[in-house]
Structures are given as C-alpha cells and as structure tokens.
Amino acid sequence: MERLRRGAAAGVALLLLTACTTSVSVPTLADVGAGDLAGQNGAALDSRCATLPLPETTVLTDCAEAGPGSGSFEIDVQPGAYTLVLLCDGPTAYVLGLGDLPVEPPAADVEVPCAQGPDPAVAHAFTVDEAGQVTVRGSAEGSGYYAAILVGPDHAPA
C-alpha cells in the first residue's frame, strides 16, 4: 500500500511539473522539412546562397554578408510556430528582431548562435495565433556570410 501511495505522489508531482513547463522544444532540420540543408554550414556560403535547397514552407531567406545595420523584411504570417535555420561562414550569431509581432506580451528578439559543425543551427523563432503581415529585422554579428531561413508552420518532414 505504501508503494502505491509513493507511486501516486510521484505521478502527481510529474504531472504538475509537466503542466508548469512552458518551454518550446528545439526543432531539428527534419522537423522543419530542411533535411537537405544538413552538412551545408560553413565554407563558400557566399557562392551557394542562391542554390540552397529551401524547405517548402520558407517565408524568408536573408542571405548576405554580415556587417553593421540590419535588414527589414515584411512577411505574411499564419497561425503556428516559426523556426530559424541558420548557416554561417564566419559570423558568430544572427539576431531576428520581432518587435512588430501581433503577440502579447511583445516578443523579445531572438539571438541564434552559429553552429560550429557542418550542420546549420536550428531554433524556435516565434509562435503567432493570428494571420497577418509583420515586419521582422535581421542582422548577423561578426564578419563573413550567413543564410538565415525562416520556416513557417505546417512543415512537412523531409
């Protein structure tokens, strides 16, 4: 009987812990339909930007040389989660500015560190509940070339 009580108490504690956890899981390349980008991080990105295999639900591609300032992009959003896939050849991180998203409280900017290996970095960027048009900003830290690919919801696994 004592064992049953301890098991029930542990189950309730686990349920409460799960209910209180609000973190978003880290997506993978396969999760966002970007499996073809595996192994494409790194050298000669500047000459490959135009030919990178993009996921079907790509809503933005920011492919450029890092430098001062940021680019501003208007995108149409649909309800759901958005993911940033980041390829780098030199920069250390990419910052996606989200001040214009229709969410409360206002979304904080997302900084994604560049991956050190051959595969791109993948990070949850934001989630929206309503369709609309928004403006996002993008900038890379450091020097060199980068390709930031924003993938929208309803990703088809690769």
Side-chain angles (χ1 to χ4, degrees), residues 17-42 45-158:
L17 179 61
T18 303
C20 293
T21 303
T22 58
S23 65
V24 176
S25 64
V26 177
T28 66
L29 288 173
D31 291 339
V32 298
D36 290 341
L37 290 170
Q40 302 237 11
N41 198 38
L45 186 57
D46 60 327
S47 64
R48 297 182 293 119
C49 276
T51 60
L52 289 171
L54 300 176
E56 287 184 31
T57 58
T58 297
V59 295
L60 168 69
T61 303
D62 180 11
C63 195
E65 185 172 6
S70 64
S72 183
F73 310 93
E74 282 191 16
I75 59 172
D76 292 320
V77 294
Q78 297 298 320
Y82 288 74
T83 301
L84 187 71
V85 177
L86 178 63
L87 295 94
C88 300
D89 183 11
T92 57
Y94 184 83
V95 178
L96 184 65
L98 303 175
D100 192 34
L101 285 183
V103 295
E104 289 295 331
D109 292 352
V110 174
E111 182 173 346
V112 179
C114 290
Q116 299 302 309
D119 292 337
V122 182
H124 174 77
F126 59 87
T127 300
V128 293
D129 295 328
E130 296 179 14
Q133 189 173 58
V134 298
T135 301
V136 296
R137 296 174 325 284
S139 63
E141 298 174 357
S143 62
Y145 287 86
Y146 65 91
I149 302 165
L150 187 61
V151 181
D154 297 327
H155 334 91

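This one's a predicted model, so the numbers in the text were calculated from it and none came from an experiment. What's counted below: heavy atoms across the whole structure, side chains too, no hydrogens, waters or symmetry copies.
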Rounded to the nearest 0.5 Å, what separation is found between the [atom1] atom of [X] and the [atom2] atom of [Y]?
X	Y	atom1	atom2	answer
Leu45	Tyr145	CG	OH	9.5 Å
Ser70	Tyr94	OG	OH	8.5 Å
Ile149	Thr57	CD1	OG1	11.0 Å
Leu150	Leu86	CG	CG	11.5 Å
Tyr146	Thr92	OH	OG1	12.5 Å
Leu29	Thr83	CG	OG1	10.0 Å

Give the minimum heavy-atom separation between [X] and [Y], together with the two atoms involved.
X	Y	answer
Ala125	Leu96	CB-CD2, 3.9 Å
His124	Ala81	CE1-CB, 4.0 Å
Ser139	Gly69	CB-O, 3.4 Å
Ala131	Gln78	CB-OE1, 3.6 Å
Pro120	Ala115	C-CB, 4.0 Å
Gly142	Ala66	O-CB, 3.4 Å

### Query
For Ala123, what residues pass the side chain to side chain contact (heavy atoms under 4.5 Å, CB included) criterion, not counting sequence neighbours?
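Residues passing side chain to side chain contact (heavy atoms under 4.5 Å, CB included) with Ala123: Val112.
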### Partner residues of Pro53 under the side chain to side chain contact (heavy atoms under 4.5 Å, CB included) criterion, sequence neighbours left out
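Side chain to side chain contact (heavy atoms under 4.5 Å, CB included) check on Pro53 returns Asp36, Leu37, Gln40.
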### Query
So which of Val136, Val128, Val151 actually passes side chain to side chain contact (heavy atoms under 4.5 Å, CB included) with Tyr82?
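Of the listed options, the one satisfying the test is Val128.
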### Task
Keeping to residues at least two apart or across chains, list the salt bridge (Lys or Arg N to Asp or Glu O under 4.0 Å) pairs with something in residues 71-95.
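Every candidate salt bridge (Lys or Arg N to Asp or Glu O under 4.0 Å) pair involving residues 71-95 fails, so no pair, neighbours aside, qualifies.
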### Task
Only pairs at least two apart or in different chains count here, so list each salt bridge (Lys or Arg N to Asp or Glu O under 4.0 Å) that has a residue in residues 126-143.
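Every pair satisfying salt bridge (Lys or Arg N to Asp or Glu O under 4.0 Å) with a residue in residues 126-143: Asp109-Arg137.
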### Task
Determine yes or no for a side-chain-to-main-chain donor-acceptor pair under 3.5 angstrom, with Asn41 supplying the side chain and Gln116 the backbone.
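Looks like no, no N/O pair under 3.5 Å.
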#### Entry: Pairing residues for Ser72 by the side chain to side chain donor-acceptor pair (under 3.5 Å) criterion, not counting sequence neighbours
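So Ser72 forms no side chain to side chain donor-acceptor pair (under 3.5 Å) with any residue.
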### Task
Take Val32 and Val85 through the test side-chain contact (heavy atoms from CB on, under 4.5 Å) and record every step on the way to the result.
CA-CA 9 Å; Val32 298; Val85 177; 4.1 Å; yes
### Task
Quick one: which residue pairs count as a disulfide bond (SG atoms under 2.5 Å apart) with a foot in residues 56-94, not counting sequence neighbours?
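Disulfide bond (SG atoms under 2.5 Å apart) check on residues 56-94 returns Cys49-Cys63, Cys88-Cys114.
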### Message
Evaluate Leu54 against Thr61 for side-chain contact (heavy atoms from CB on, under 4.5 Å), listing each step before the verdict.
### Response
CA-CA 9 Å; Leu54 300 176; Thr61 303; 3.6 Å; yes
#### Entry: Val122 vs Val26 side-chain heavy atoms within contact, under 4.5 Å
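No; the side chains remain at least 4.5 Å from each other.
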